[in-house]
S.K.: 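There's a structure below that I have some questions on.
From a predicted model like this one, the values you see are computed outputs, not experimental measurements. Side chains are part of it too, since the values below use all heavy atoms of this structure and drop only hydrogens, waters and symmetry mates.
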Amino acid sequence: MSAAAVDAELVSSAVDLTERAGQVTLRWFSPRCLASRTKSDGSPVTEADRATEEFLRAELARRYPDDAVMGEEYGDSEGSSGRRWVIDPIDGTRSFVRGVPLFTTLLAMIDESGPAVGVAHVPPLYETVSAGRGRGAEHICDGEKRQARVSDVSRLDGSYLVTSGIEYLPERGRRALLQPGPLVRTWGDGYGYMLLATGRAEIMLDAGLALWDVAPMLVIVPEAGGRITDYDGGPNPQAGDVVSTNGHVHDSALRLLAEPV
């Protein structure tokens, strides 16, 4: 039996919170005034990361005080409701600190039935893709709302493959980029999934993900008609190496990623 559709109010609330949080990031979106340091894993972290997550945690505590929260910057806080919100305040921090406007603010909610709500927002473009389990996906662009839907492309030849960066991929991922068929572009991080969910790309190849990187996509991709798995086709990846497609080319994409015999 499939899980019940999520409450529409939760999706609307998540969109509102994510878009408001995105405006927090824009207070720092200038390389000339950005203060950054380096996390232990070598990635940059900014005042904007911390301020944005603090904003979201405060608002979630106010709206949903019994819910648990997980965030990239401040870890876990416990809850009693059986629901957990997952925050990535700035996905694509390296782009952010270089003044590239394709970073995203990500928010997801997971309940006792699994991934339930996902939102990805690009603050400089004011573009949002959101989804609720059982409710489909929505694309907001230039203030206009429309259904978010993957493309109908059914062949690798002529499809677009996007990725966050070649250096992140394991050997099998890098090898897949060299195979004939897809046109490869590096429009990655959360924005790559948004391109997939709105029919502007057919494959999003990612690697080394944490839950906060992928949690919204576990709702957005299937609700937009696509498919998301690990590199071996395992469903519902919570972390690690992930491939998402429009569904039509998924098996072909998995063959590109197949380990050599």
S.K.: Quick one: does Ile203's side chain get under 4.5 Å of Val243's, heavy atoms only?
M.R.: yes

S.K.: Any non-hydrogen side-chain atom of Val15 less than 4.5 Å from a side-chain atom of Ile140?
M.R.: yes

S.K.: Please step through side chain to side chain contact (heavy atoms under 4.5 Å, CB included) for the pair Arg50 and Tyr74, ending with a clear verdict.
M.R.: CA-CA 8 Å; Arg50 297 188 290 276; Tyr74 292 107; 3.3 Å; yes

S.K.: Check whether Arg174 reaches the backbone of Leu169 with its side chain - one donor and one acceptor, N or O, closer than 3.5 Å.
M.R.: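 Answer holds: yes.
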
S.K.: Would you say Val122 ends up clustered with Val162 if hydrophobic residues are merged whenever their side chains have heavy atoms under 4.5 Å apart, either directly or through other cluster members?
M.R.: yes

S.K.: Would you call Pro124 and Phe29 a side-chain contact if the rule is heavy atoms closer than 4.5 Å?
M.R.: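 Answer yes - side chains close enough.
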
S.K.: Does the Arg133 side chain pair with the main chain of Ala4, one donor and one acceptor, at a distance under 3.5 Å?
M.R.: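 Yes, Arg133 side chain to Ala4 backbone: donor-acceptor pair under 3.5 Å.
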
S.K.: Nearest 0.5 Å, please: how far is OG in Ser244 from CE in Met217?
M.R.: 8.5 Å

S.K.: Output the distance between atom OG (Ser151) and atom CG (Asn246), rounded to the nearest 0.5 Å.
M.R.: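 Going from the OG atom of Ser151 to the CG atom of Asn246 covers 4.0 Å.
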
S.K.: Mark yes or no for whether Glu138, through its side chain, and Gly136, through its backbone, hold a donor-acceptor pair below 3.5 Å.
M.R.: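 Not at all, since once roles are kept as given, no pair shorter than 3.5 Å links the two residues.
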
S.K.: Applying ring-ring contact (aromatic ring centres under 6.0 Å, His included), which residue pairs with at least one partner in residues 211-253 are found, sequence neighbours left out?
M.R.: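 Non-adjacent pairs meeting ring-ring contact (aromatic ring centres under 6.0 Å, His included): zero.
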
S.K.: Tell me if the CD atom of Glu171 is crowded by more than 12 foreign heavy atoms within 6.0 Å.
M.R.: yes

S.K.: Please round to the nearest 0.5 Å and tell me the distance separating atom CG of Leu56 and atom OG1 of Thr18.
M.R.: 6.5 Å

S.K.: How close do Ser113 and Ala3 get, counting heavy atoms only, and between which atoms?
M.R.: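 So the minimum-distance heavy-atom pair works out to CB-CB, 3.6 Å.
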
S.K.: With Phe96 as reference, evaluate Thr104, Ile90, Asp189 under the side-chain contact (heavy atoms from CB on, under 4.5 Å) test and give the passing residue.
M.R.: Ile90

S.K.: Identify whether Met70 and Leu60 are in the same connected component of the hydrophobic contact network (ILVMFWY, side-chain heavy atoms under 4.5 Å).
M.R.: no

S.K.: Can you find a heavy atom in the side chain of Pro237 that is under 4.5 Å from one in the side chain of Ile228?
M.R.: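 Yes. Closest side-chain heavy atoms under 4.5 Å.
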
S.K.: For Val6 and Ala116, work out which heavy atoms get closest and say how close.
M.R.: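 Nearest pair, atom of Val6 first, then Ala116: CG1-O, 3.6 Å.
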
S.K.: Thr198 and Val129: which non-hydrogen atoms are nearest, and at how many Å?
M.R.: CG2-CG2, 3.9 Å

S.K.: Taking side-chain contact (heavy atoms from CB on, under 4.5 Å) as the criterion, tell me which of Asp213, Val214, Thr52, Leu211 meets it with Asp88.
M.R.: Asp213

S.K.: Check the surroundings of atom CG in Asp142: do more than 12 heavy atoms from other residues, nucleotides or ligands lie under 6.0 Å from it?
M.R.: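 Not buried by this count: 12 neighbours or fewer within 6.0 Å.
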
S.K.: Hydrophobic clusters here meaning ILVMFWY residues chained together by side-chain heavy-atom distances under 4.5 Å, can you tell me if Leu106 and Ile87 are in one?
M.R.: no

S.K.: Glu53 side chain to Glu73 main-chain N or O, any donor-acceptor pair under 3.5 Å?
M.R.: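 Between the backbone of Glu73 and the side chain of Glu53 there is a qualifying donor-acceptor contact (under 3.5 Å).
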
S.K.: Treating Asp232 as the side-chain partner and Gly234 as the backbone partner, does any N or O pair qualify as donor plus acceptor under 3.5 Å?
M.R.: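 Absent.
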
S.K.: By salt bridge (Lys or Arg N to Asp or Glu O under 4.0 Å), which residues pair with Arg20, not counting sequence neighbours?
M.R.: Asp16, Glu59

S.K.: Test of understanding: with salt bridge (Lys or Arg N to Asp or Glu O under 4.0 Å), list the residues that count as partners of Glu127, not counting sequence neighbours.
M.R.: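 Glu127: salt bridge (Lys or Arg N to Asp or Glu O under 4.0 Å) contacts with Arg200.
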
S.K.: Measure the CZ-CG distance between Phe103 and Leu26 for me, rounded to the nearest 0.5 Å.
M.R.: 5.5 Å

S.K.: Minimum heavy-atom separation for Val153 to Ser159, with atom names?
M.R.: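 Minimum heavy-atom contact is CG1-CB, 4.1 Å.
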
S.K.: Spell out, yes or no, whether Leu195 and Val100 are grouped together once hydrophobic residues are joined by side-chain heavy atoms under 4.5 Å, including indirect joins.
M.R.: yes

S.K.: Examine distances only and state if a side-chain atom of Arg175 and a backbone atom of Ala258 form a donor-acceptor pair shorter than 3.5 Å.
M.R.: yes

S.K.: Please name the pair of heavy atoms, one in Ala131 and one in Glu223, separated by the smallest distance, quoted to 0.1 Å.
M.R.: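 Closest approach of Ala131 to Glu223: CB-CB, 3.8 Å.
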
S.K.: Verify, without hydrogens or angle tests, whether Thr163 (side chain) and Leu205 (backbone) share a donor-acceptor contact under 3.5 angstrom.
M.R.: yes

S.K.: Quick check: is Trp85 connected to Leu209 through a chain of hydrophobic side chains (ILVMFWY, heavy atoms under 4.5 Å apart)?
M.R.: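 Looking at the clustering, Trp85 is in a separate group from Leu209.
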
S.K.: Kindly state each residue pair satisfying ring-ring contact (aromatic ring centres under 6.0 Å, His included) with at least one member in residues 121-149, sequence neighbours excluded.
M.R.: His121-Tyr126

S.K.: For the CG atom of Leu183 and the CG atom of Leu156, what is their distance to the nearest 0.5 Å?
M.R.: 12.0 Å

S.K.: When you measure from the side chain of Ser12 to the backbone N and O of Glu9, does any donor-acceptor pair fall under 3.5 Å?
M.R.: no

S.K.: Could you go through Thr245 and Leu254, starting from their C-alpha distance and side-chain angles, then the distance that decides it, and tell me whether this counts as side chain to side chain contact (heavy atoms under 4.5 Å, CB included)?
M.R.: CA-CA 10 Å; Thr245 75; Leu254 291 177; over 6 Å; no

S.K.: Whether the side chain of Asp206 engages the backbone of Asp241 through a donor-acceptor N/O pair (distance < 3.5 Å, no angle test) should be reported.
M.R.: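 No, because the side chain of Asp206 does not come within donor-acceptor range (under 3.5 Å) of the backbone of Asp241.
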
S.K.: I'd like to check the salt bridge (Lys or Arg N to Asp or Glu O under 4.0 Å) partners of Arg83; sequence neighbours left out, ordered by chain and number.
M.R.: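 Checked Arg83 against salt bridge (Lys or Arg N to Asp or Glu O under 4.0 Å); matches are Asp67.
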
S.K.: Measure the CG-OG1 distance between Leu17 and Thr105 for me, rounded to the nearest 0.5 Å.
M.R.: 11.5 Å

S.K.: Would you sort out whether Met204 and Val221 count as a side chain to side chain contact (heavy atoms under 4.5 Å, CB included), showing the intermediate values?
M.R.: CA-CA 10 Å; Met204 172 62 187; Val221 172; over 6 Å; no

S.K.: Over all heavy atoms of both residues, which pair between Val97 and Thr46 is shortest? Give the atoms and the distance, please.
M.R.: CG1-CG2, 3.5 Å

S.K.: What ring-ring contact (aromatic ring centres under 6.0 Å, His included) pairs are there with at least one residue in residues 154-210, not counting sequence neighbours?
M.R.: none

